[in-house]
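One structure is given below, encoded as structure tokens.
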Amino acid sequence: AIQQYSNDEDRMRALFTSIVECSQNRRKQALGIFLERNSDFAIFEHLPLERSHWGGVGSMIPHMQKRITYLTTLLPMLSGSVFLQHKKRVLHEIEIWEGRIKSEEINELLESLG
């Protein structure tokens with residue numbers, strides 16, 4: 001489907017909304033296939049790269065760190081001038097998660113102090 005519809009933003013957004021529920025390897029593979037066929041940032045910027053939901057029991061920091069780790073693995077696919085905006089988007093998402101981790105660390109520290 002990616003090969004056939006890589007230029008159709010609506011179909012790609014719908015497909016990647018499902019793909020984000022798959023394993024990291026599957027998500028990365030699908031994104032690689034997309035990028036091989038379409039380097040248009042206008043479509044890439046609307047593709048979900050991660051699940052919109054997250055959470056767990058206990059500290060959320062490990063869950064957030066997993067997202068950073070995954071996003072970091074995407075960066076090698078985004079080398080070259082054609083992918084500068086793509087890389088900037090991923091780096092921005094990493095920065096957001098790093099900020100959330102810092103906030104969570106503060107919240108956990110405050111909670112532990114009573």
To the nearest 0.5 Å, atom CG of Leu47 lies from atom CG of Leu15 at 9.0 Å
Heavy-atom donor-acceptor pair, Arg37 side chain to Tyr5 backbone, under 3.5 Å: no
Considering all heavy atoms, the nearest Phe34-Met12 contact: CD1-SD, 3.8 Å
Gap between atom OG1 of Thr73 and atom CD of Gln24 - 0.5 Å precision: 6.5 Å
Residue pairs passing the side-chain hydrogen bond (donor to acceptor under 3.5 Å, both in side chains) test where at least one lies in residues 95-110, sequence neighbours excluded: Glu50-Trp97, Ser59-Glu108
Quick one: CG on Leu71 to NE2 on His92, what's the gap to the nearest 0.5 Å? 11.5 Å
Nearest heavy-atom pair of Ser79 and Pro76: which atoms, and what distance? OG-O, 3.5 Å
Quick one: does Arg67's side chain get under 4.5 Å of Arg51's, heavy atoms only? yes
For the CG atom of Asp8 and the CD1 atom of Ile43, what is their distance to the nearest 0.5 Å? 7.5 Å
Kindly indicate whether the side chain of Asn38, heavy atoms from C-beta on, has any atom under 4.5 Å from the side chain of Phe44. no
In one Ile/Leu/Val/Met/Phe/Trp/Tyr side-chain cluster, 4.5 Å: Leu74, Leu84: no
For the pair Phe16 and His46, evaluate side chain to side chain contact (heavy atoms under 4.5 Å, CB included) and give the outcome as yes or no after the intermediate values. CA-CA 10 Å; Phe16 275 84; His46 294 108; over 6 Å; no
Leu78 and Phe83: which non-hydrogen atoms are nearest, and at how many Å? O-CB, 3.5 Å
Closest heavy-atom contact between Val82 and Ser39? CG2-OG, 3.4 Å
Give the minimum heavy-atom separation between Asp40 and Ala42, together with the two atoms involved. OD1-N, 3.0 Å
For Val20 and Leu49, the nearest pair of non-hydrogen atoms, with its separation, is CG1-C, 3.7 Å
Phe41 vs His86 aromatic rings, parallel, tilted or perpendicular, using cut-offs 30° and 60°? perpendicular
Is there a path of hydrophobic side-chain contacts, each under 4.5 Å between heavy atoms of I, L, V, M, F, W or Y residues, that connects Ile68 with Leu75? yes
Starting at CZ of Arg27, measure out to OG of Ser18 and round the result to the nearest 0.5 Å. 13.0 Å
